[in-house]
Amino acid sequence: MFNSILSGDLPRSRWLTALLVLVVAYLATAPFLFSGARSLNVAATICVFVVLVASFDLLLGYCGVVSFAHAMFYGIGAYGVAIAMYKLGPTWSAMGVGALSGLGLSLVLSLLIALVSLRVKAIFYTMMTLAVAAAFGALVTRMSGLTGGDDGRTFKLPESLSPGFRLFENDILGTTVNGKVLAYYLVFASAVLLFLLMLRVVNSRFGRVLEAIRENEFRAEAIGYRTLYYRVAINCLAAALATCAGILMALWLRYVGPQTTVGFNVMLNILLMAVIGGLGTVYGSVVGVALFVVAENYLQSLMGGMSSSLGGVPLLAALFHPDRWLLWFGTVFVLSVYFFPSGIVGKLRASNREAT
């Protein structure tokens with residue numbers, strides 16, 4: 001059964017299987033096992049970024065296409081829902097209008113970008129996506145009447161997804177099942193379905209052709225595949241999936257702003273998560289995102305505790321000061337790339353093959 005659900009692409013490593021089970025169990029039970037808004041926000045962020053990073057991996061890891069416009073499509077989805085629900089009101093129909101509008105705009109833009117720039121080789125496509133993303137980011141900040149400018153845009157959700165709504169009178173496992181919990185499980189279920197869809201894509205004949213293009217585009221053309229069509233198709237599909245991730249994040253945060261969606265820091269984080277987890281492995285997005293988001297949210301607190309306990313050693317206490325968490329975060333990233341050049345998933349799968 002699991003083989004069919006995972007499209008025949010099993011983890012193929014005991015350690016990887018254990019990591020995936022741990023992450024999925026955490027995400028599935030987060031509202032009930034972990035109290036506080038922070039832990040639930042971490043879980044929701046992991047769900048959203050798994051979709052976002054996996055969709056980026058379809059481009060870079062499976063087709064060898066480097067795009068810096070991925071955060072732009074993520075932002076289009078978020079802003080589409082936010083603007084529609086701000087203008088039309090907190091209704092399900094407004095949510096649908098915003099989601100469909102965002103998806104439509106993303107598909108049109110990704111198609112135009114692909115048709116114009118994918119015909120060229122080397123770095124020209126990458127530079128084109130970088131230019132378009134920068135232009136879109138500037139447009140978002142200047143259209144303040146529509147997007148809220150630098151301040152962003154807040155909006156309300158339908159009543160059944162608002163914190164004041166209660167599905168049950170009594171608590172379940174000590175947790176009030178309110179609209180916030182329902183919104184979380186909407187994000188979680190959507191992320192699972194989109195992840196399984198991407199597994200199906202990469203393990204289909206279409207996915208095998210993408211890998212052939214990545215390895216040797218000239219040979220793929222020589223045996224009869226129109227590689228441009230496949231590259232355009234995966235570009236549009238990845239953009240649509242990134243838009244879906246933006247929609248989910250907007251619904252969770254009930255806020256959208258340029259720094260949380262279309263900023264270059266978002267694109268940089270996507271790239272870091274993909275590299276840490278492992279390119280060319282959809283499972284790498286789960287591992288990379290989980291490690292990155294957990295470290296980003298809890299490393300600073302952990303260092304604060306270590307700095308306090310090392311008060312008698314001024315040098316070490318200063319070294320582990322919470323304000324220096326980015327130094328240690330960067331060090332961990334450099335070490336992970338050095339010891340896991342193919343990513344954590346790639347390393348675990350390679351070790352498993354050597355053992356057998």
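For the single chain, residues carry numbers from 1 onward in sequence order. The structure displayed is predicted, hence computed values, not measured ones.
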query: Parallel under 30°, tilted from 30 to 60°, perpendicular over 60°: which one fits the rings of Tyr230 and Tyr225?
result: perpendicular
Exercise for the section: Report the relative orientation of the aromatic rings in Phe188 and Tyr184; use parallel for angles under 30°, tilted for 30 to 60°, perpendicular for over 60°. Expected result: parallel
How far does [atom1] of [X] sit from [atom2] of [Y], to the nearest 0.5 angstrom?
X      : Y      : atom1 : atom2 : answer
Leu22  : Thr17  : CG    : OG1   : 12.5 Å
Leu253 : Thr45  : CG    : OG1   : 6.5 Å
Tyr86  : Thr147 : OH    : OG1   : 11.0 Å
Leu271 : Leu60  : CG    : CG    : 7.0 Å
Leu52  : Met273 : CG    : CE    : 8.0 Å
Ile247 : Ser101 : CD1   : OG    : 9.5 Å

Identify whether Leu196 and Tyr62 are in the same connected component of the hydrophobic contact network (ILVMFWY, side-chain heavy atoms under 4.5 Å).
yes
Do Leu193 and Val51 share a hydrophobic cluster (ILVMFWY, side-chain heavy atoms under 4.5 Å, transitive)? no
Check the surroundings of atom CZ in Arg219: do more than 12 heavy atoms from other residues, nucleotides or ligands lie under 6.0 Å from it?
no
| said: Taking atom CZ as the centre, does Arg166 end up with more than 12 heavy-atom neighbours from other residues, nucleotides or ligands that are less than 6.0 angstrom away? | reply: yes
When you measure from the side chain of [X] to the backbone of [Y], do you find a donor-acceptor pair of N or O atoms at a distance under 3.5 Å?
X      : Y      : value
Ser190 : Val187 : no
Asn178 : Gly164 : no
Asp150 : Pro258 : no
Thr129 : Phe68  : yes
Ser67  : Ala69  : yes
Ser106 : Leu103 : no

Restricting to side-chain contact (heavy atoms from CB on, under 4.5 Å), what partner residues turn up for [X], sequence neighbours left out?
X      : result
Arg214 : Glu211
Thr29  : Leu33
Glu296 : Asn269, Phe292, Trp325

Arg231 with Glu217: basic N within carboxylate O range, under 4.0 Å
yes
Joining Ile, Leu, Val, Met, Phe, Trp and Tyr whenever any side-chain heavy atoms lie under 4.5 Å apart, the cluster holding Val108 also takes in Leu112
Those residues at least two apart in sequence (or on a different chain) that pass side chain to side chain donor-acceptor pair (under 3.5 Å) with Asn235 are Tyr125
By side chain to side chain donor-acceptor pair (under 3.5 Å), Asn41 pairs with (sequence neighbours left out) Trp252
